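Okay, structure first, notes after.
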Amino acid sequence: MAFEFDRRHFLRVSAAGAAGLAIGRTVRAKDANGKLRLAAIGTGGKGQDDLQNISSSPRVEVVALCNIDDTKPHLGWAAEAFPKAERFSDYRKLLDKANAFDAVSVSTPDHMHAPIALAAMSLGKHVFCQKPLTHTVHEARLMRETAKKHNLVTQMGNQIQSHHAYRTAVKLVHDGAIGKVREVRSWQAGNMRWMLAATRPPGSDPVPPSLKWDLWLGAAPERPYKNERYHPFNWRAWQDFSTGQLGDFGCHILDPVFMALELTAPTSIEADAPPLNNDTWALHSKVEYQFPGTKRTAGETIMVTWYDGEGHMPDRDGLGLPDSYELPQSGSALVGEKGTLVVPHVAEPQLFPEEKFKDYKVPIVEEINHYTSWAHACLGDGTTHSNFGYAGPLTEAVILGAIAIRFPKEQLLWDAEACQFTHHADANAHVTKEYRQGWELPTV
Ligand SMILES: NC(=O)c1ccc[n+]([C@@H]2O[C@H](COP(=O)([O-])OP(=O)(O)OC[C@H]3O[C@@H](n4cnc5c(N)ncnc54)[C@H](O)[C@@H]3O)[C@@H](O)[C@H]2O)c1
């Protein structure tokens, strides 16, 4: 379906403009049938799941699809499922037809989240964007500020937040089940199956005709195409496109910790990890974050320690767990004044000591549909919980840990308001990054 000139949208935008309002500030999206017109960018991998979930609402109409790869697992399946949607390989061409859609989903590799989402938000479009929200701390800050400035409905794709298990864990802490929290340990001890080699493979492979490699690279520095090394999925290994295992899982696993404790920004971050090369991320790391205390914490500060790497489990000392209890492969343990809450990723939370909590009535917390709740909020119905006002600071904290991994055993002091490290020019250089010429971030 070719985009048609949308007079209703034009009038809405003109009226907003005439009133001196930013586009999208006061109006909620809707087409003539009251549906949200969605443009989906990055439709393979997790993008397939995102698109299927968002479009499961009868109130959503998929009007545009964008992918740099035409093959069946990427654009192909979506083109078959939504034959009326116009197809693009370059998101900039899609955004040129801004009057034809109300909202975008961004499910590309991480290095392109901010360039795409910021450009869409500057046009007044509501955004669903995968986790981690961005590739740099600076981008996360801009995403939060831009969503607020244009009053847009946003949601990061950390869908486990809406799962009843994570929601129950947050409620248990808010109900005071374990009292005020003294310390948190979070971990992801699974493998990194995307880490195929430590350094760049030599040479290049022919780019398949179905793939637009230059568009895949986007804002990242140029490098030759190699089969399977980057696209799809294995881009996670590389510093140019991802923030490593912490970036991949931190916005999931640290999410219930952030929500339960109402954390803000860390004041200091210190990592222990093997030295990084110029290309790939570390195979394991430990990152100690100190956050200001909140009404949910026992002290004036609280330590949250992250562990990742295959088989890299947290220290059990002080967790108050029975020897017979095997920790899940990934999750968090919150040590409170009255007990410990283990929050597996993703399963029912567990309270310890078991004897003490055997009669505790665990609240029943309903699941939320993370995807359609965003779509419906764009239509003015309800709200989102992982909006960029929340997901921005969470992502900042996660990426600050990835920066600390670059400076093992150095305590980095973070000034959140200034969005910079105190007295550490080398670390500050990683708060943002260089963009490939012609791919600089849009003005928002
Ligand atoms: N929430 C979750 O549980 C979860 C799970 C997996 C991945 N993710 C996130 O989803 C995103 C995608 O991860 P993935 O594993 O699916 O990666 P992937 O490489 O398997 O898939 C990315 C898709 O985007 C397309 N694409 C790449 N660059 C594009 C561009 N510039 N424009 C349009 N399309 C483009 C690719 O062709 C592919 O179809 C990442 O941000 C990742 O962190 C989230």
Side-chain angles (χ1 to χ4, degrees), residues 39-54 64-79 87-95 104-117 119-120 127-135 139-140 143 155-163 166 188 190 192-194 207-208 210-220 225 228-238 240-253 255 281 330 345-346 370-371 374 386 391 394-395 398-399 402 436 439:
I41 304 174
T43 49
K46 183 68 177 81
Q48 176 164 9
D49 188 52
D50 292 344
L51 177 52
Q52 286 169 335
N53 274 296
I54 297 168
L65 303 167
C66 177
N67 205 308
I68 49 73
D69 183 332
D70 290 342
T71 58
K72 181 115 185 188
H74 298 283
L75 186 64
W77 78 269
R87 296 164 213 167
F88 298 84
S89 49
D90 187 335
Y91 74 87
R92 296 167 300 185
K93 301 236 162 72
L94 182 156
L95 296 182
V104 303
S105 57
V106 182
S107 310
T108 64
D110 303 351
H111 69 288
M112 289 306 291
H113 289 179
I116 299 172
V127 174
F128 179 99
C129 182
Q130 261 310 326
K131 52 84 316 212
L133 194 55
T134 58
H135 190 217
E139 289 176 344
M143 293 273 264
Q155 180 92 305
M156 181 167 75
N158 52 334
Q159 74 283 6
I160 316 299
Q161 179 184 97
S162 299
H163 189 282
Y166 267 14
Q188 163 50 294
M192 301 178 187
R193 63 195 162 99
W194 30 263
V207 179
S210 52
L211 175 67
K212 311 273 187 307
W213 177 238
D214 191 63
L215 293 180
W216 187 95
L217 282 172
Y225 174 74
E228 309 275 312
R229 288 304 166 109
Y230 311 114
H231 166 74
F233 189 78
N234 294 330
W235 48 267
R236 284 166 170 78
W238 306 90
D240 280 349
F241 315 124
S242 108
T243 41
Q245 184 76 315
L246 173 50
D248 203 22
F249 276 92
C251 286
H252 281 310
I253 294 170
D255 174 30
W281 285 102
S330 51
H345 178 76
V346 179
H370 199 71
Y371 305 90
W374 167 72
S386 204
L394 170 60
T395 301
V398 165
I399 301 177
R436 187 151 68 109
W439 290 89

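Read the numbers this way: they start at 1 and go in the same order the structure lists the ligands and their atoms. Only heavy atoms go into these numbers, but all of them, side chains included; no hydrogens, no water, no symmetry mates. Please read these numbers as outputs of a predicted model, since none were measured by experiment. Quick note: residue numbers are just sequence positions, from 1.
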Does [Y] offer a backbone N or O that forms a donor-acceptor pair with the side chain of [X] under 3.5 Å?
| X | Y | answer |
| --- | --- | --- |
| Thr43 | His74 | yes |
| Lys131 | Asp248 | yes |
| Gln155 | Ser386 | yes |
| Gln188 | Gln245 | no |
| His113 | His135 | no |
| Arg436 | Ala220 | yes |
| His111 | Ala219 | no |

Can you tell which of [options] gets a heavy atom nearest to [atom]?
| atom | options | result |
| --- | --- | --- |
| atom 38 (C) of ligand 1 | His74, His135, Gln161 | His74 |
| atom 22 (C) of ligand 1 | Pro232, Cys251, Ser107 | Ser107 |
| atom 17 (O) of ligand 1 | Trp235, Tyr91, Phe249 | Trp235 |

Distance under 6.0 Å and angle within 45° of ring axis: Arg229 vs Trp235: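 Judged by the rule, Arg229 and Trp235 form no cation-pi pair.
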
Give the residue and atom name of whichever protein heavy atom lies nearest to [atom], and the separation in Å to one decimal.
| atom | answer |
| --- | --- |
| atom 27 (C) of ligand 1 | Pro109 CD, 3.3 Å |
| atom 26 (N) of ligand 1 | Ile68 CG1, 3.7 Å |
| atom 3 (O) of ligand 1 | Gln159 NE2, 3.0 Å |
| atom 21 (O) of ligand 1 | Gly44 O, 3.8 Å |
| atom 42 (C) of ligand 1 | Lys131 O, 3.6 Å |
| atom 5 (C) of ligand 1 | Lys46 CD, 3.5 Å |
| atom 11 (C) of ligand 1 | Thr108 O, 3.3 Å |

Which bit of Arg236 gets closer than 4.0 Å to ligand 1, counting heavy atoms only: side chain, backbone, both or neither?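 The answer is the side chain of Arg236.
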
Under a 4.0 Å heavy-atom limit, does Leu215 contact ligand 1 with its side chain, its backbone, both, or neither? backbone

How long is the straight-line distance from OH of Tyr225 back to CG of Leu211, given to the nearest 0.5 Å?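 Taking CG in Leu211 and OH in Tyr225, the distance rounds to 5.5 Å.
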
Working to the nearest 0.5 Å, report the span between CD of Glu139 and CG of Asp110. 10.0 Å

Proximity of His163 and His345 rings by center, below 6.0 Å: no

For Tyr230 and Trp194, I'd like to know if the aromatic rings sit close, meaning centre-to-centre distance below 6.0 Å.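 No.
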
Looking at every non-hydrogen atom in both residues, tell me the closest pair between Val104 and Ala120 and how far apart they are. CG2-CB, 3.7 Å

Using distance alone, decide if ligand 1 has a nitrogen or oxygen within less than 3.5 Å of any nitrogen or oxygen in [X].
| X | result |
| --- | --- |
| Gln130 | yes |
| Asn67 | yes |
| Ile116 | no |
| Gly157 | yes |
| Gly47 | no |
| Asn158 | no |

Atoms in ligand 1 flagged as close to [X], the criterion being non-hydrogen separation under 4.0 Å:
| X | result |
| --- | --- |
| Asp69 | 37 (O) |
| His231 | 36 (C), 37 (O) |
| Gly42 | 24 (O), 25 (C), 33 (C), 34 (N) |
| Cys66 | 33 (C), 34 (N) |
| Asp110 | 40 (C), 41 (O), 42 (C), 43 (O) |
| His252 | 1 (N), 2 (C), 3 (O) |
| Trp216 | 27 (C), 28 (N) |

For a quick check under 3.5 Å, do Glu228 and Asn234 share a side-chain donor-acceptor pair by atom type?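 No donor-acceptor contact under 3.5 Å links the two side chains.
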
Looking at Arg193, I'd like to know if its CZ atom is crowded, meaning that more than 12 non-hydrogen atoms belonging to other residues, nucleotides or ligands lie closer than 6.0 Å.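 It does not: Arg193 CZ has 12 such atoms or fewer within range.
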
Any atom of ligand 1 sitting under 4.0 Å from a heavy atom of Gln48? no

